[in-house]
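Everything below concerns the one structure shown next.
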Amino acid sequence: LSLASACRGSPAVPGLQVPALERAEAWHGASKGGRKMSRSVLERFESKIDKSGECWEWTAHRIPQGYGQFRVGQKLLRAHRFAWELAHGPIPHGLHVLHRCDNPPCIRASHLFLGTETDNHADAVMKNRQARGQRNGMAKLSGIDVREIRRLRKTGLTKREIGLRFEVDKSNIYKICSGKTWAWLK
């Protein structure tokens, strides 16, 4: 199944006059060498996709976070966003294209969905992609430290005494012991 055939006949994107291609055509000019640009853009896009697995993976350039990039004229586009527009039409202002499969190089439209910044953050937390605890580069404490802090507090040591021992403020000790931080660590 090609992207072009997946887009043909869709009520949101009749034929190949899909918004992403129309936009690509406007960015790069209506034609090049007598050849319609929208078709060559689509052919180029499709040539960079590995459809051998459940996810359709972008095989060309990727940014460090794993998302594919696709050049149309002078514009660099995220491949998954371009794929969304091919399949569904324009992305409303303020929305992101998120991955159900949690695989940044995937551009398969059925694996993508729209969401707000809040949805994106909630999705990251739900899929355990958010750096928390000692995975956070700013963390001064480890999981072992946090368990020891909770144990020491139960023995009667003050928050100040524990804070001095671990070189953190007593307010951090309070937050750890009350479950305001490190709540997920039992």
Report yes if the side chains of [X] and [Y] come closer than 4.5 Å at any heavy-atom pair, otherwise no.
X: Leu86; Y: Leu42; value: yes
X: His96; Y: Glu117; value: yes
X: Leu185; Y: Arg150; value: yes
X: Phe166; Y: Leu141; value: yes
X: Val72; Y: Leu77; value: yes

Open item on the list: Applying the side-chain contact (heavy atoms from CB on, under 4.5 Å) criterion to Leu98, which one of Asn120, Thr116, Leu112 satisfies it?
Closed with: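 Only one of Asn120, Thr116, Leu112 forms a side-chain contact (heavy atoms from CB on, under 4.5 Å) with Leu98, namely Asn120.
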
- [ ] Identify which one of Asn172, Ile162, Ile144 satisfies the side-chain contact (heavy atoms from CB on, under 4.5 Å) criterion when paired with Ile149.
- [x]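 For Ile149, the side-chain contact (heavy atoms from CB on, under 4.5 Å) check succeeds only for Ile162.
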
Determine the minimum heavy-atom distance between [X] and [Y], stating which atoms define it.
X: Arg78; Y: Tyr67; answer: CD-CB, 4.0 Å
X: Val41; Y: Phe70; answer: O-CZ, 3.6 Å
X: His99; Y: Phe113; answer: C-CE2, 3.8 Å
X: Ile107; Y: Ala83; answer: O-CB, 3.2 Å
X: Glu54; Y: Arg108; answer: O-NH1, 2.9 Å
X: Ser110; Y: Arg100; answer: O-NH1, 3.3 Å

- [ ] Using the test salt bridge (charged side-chain N to carboxylate O under 4.0 Å, His left out), find all partners of Arg151 that sit at least two apart in sequence or belong to another chain.
- [x]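 Once residues adjacent in sequence are excluded, the partners of Arg151 under the salt bridge (charged side-chain N to carboxylate O under 4.0 Å, His left out) criterion are Glu148.
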
Task: Partners passing salt bridge (charged side-chain N to carboxylate O under 4.0 Å, His left out) against Arg71 (at least two apart in sequence or in another chain) - done: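 Testing Arg71 for salt bridge (charged side-chain N to carboxylate O under 4.0 Å, His left out), a comparison that skips the adjacent residues, returns none.
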
Open item on the list: Would a single hydrophobic cluster contain both Ile173 and Trp182, if residues Ile, Leu, Val, Met, Phe, Trp and Tyr are joined by side-chain heavy-atom contacts under 4.5 Å?
Closed with: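 Yes, Trp182 connects to Ile173 through the hydrophobic network.
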
From [atom1] ([X]) to [atom2] ([Y]), nearest 0.5 Å:
X: Arg147; Y: Ser142; atom1: CZ; atom2: OG; answer: 9.0 Å
X: Asp50; Y: Cys55; atom1: CG; atom2: SG; answer: 10.5 Å
X: Leu152; Y: Lys159; atom1: CG; atom2: NZ; answer: 14.0 Å
X: Trp58; Y: Gln69; atom1: CH2; atom2: CD; answer: 10.0 Å

Task: Residues Glu161 and Arg153 bridged, charged N to O under 4.0 Å - done: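 Not counted as a salt bridge, because no side-chain N and carboxylate O are separated by less than 4.0 Å.
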
Open item on the list: Pair Lys48, Glu57 - check salt bridge (Lys or Arg N to Asp or Glu O under 4.0 Å), show working.
Closed with: CA-CA 8 Å; Lys48 300 173 187 316; Glu57 297 223 355; over 6 Å; no

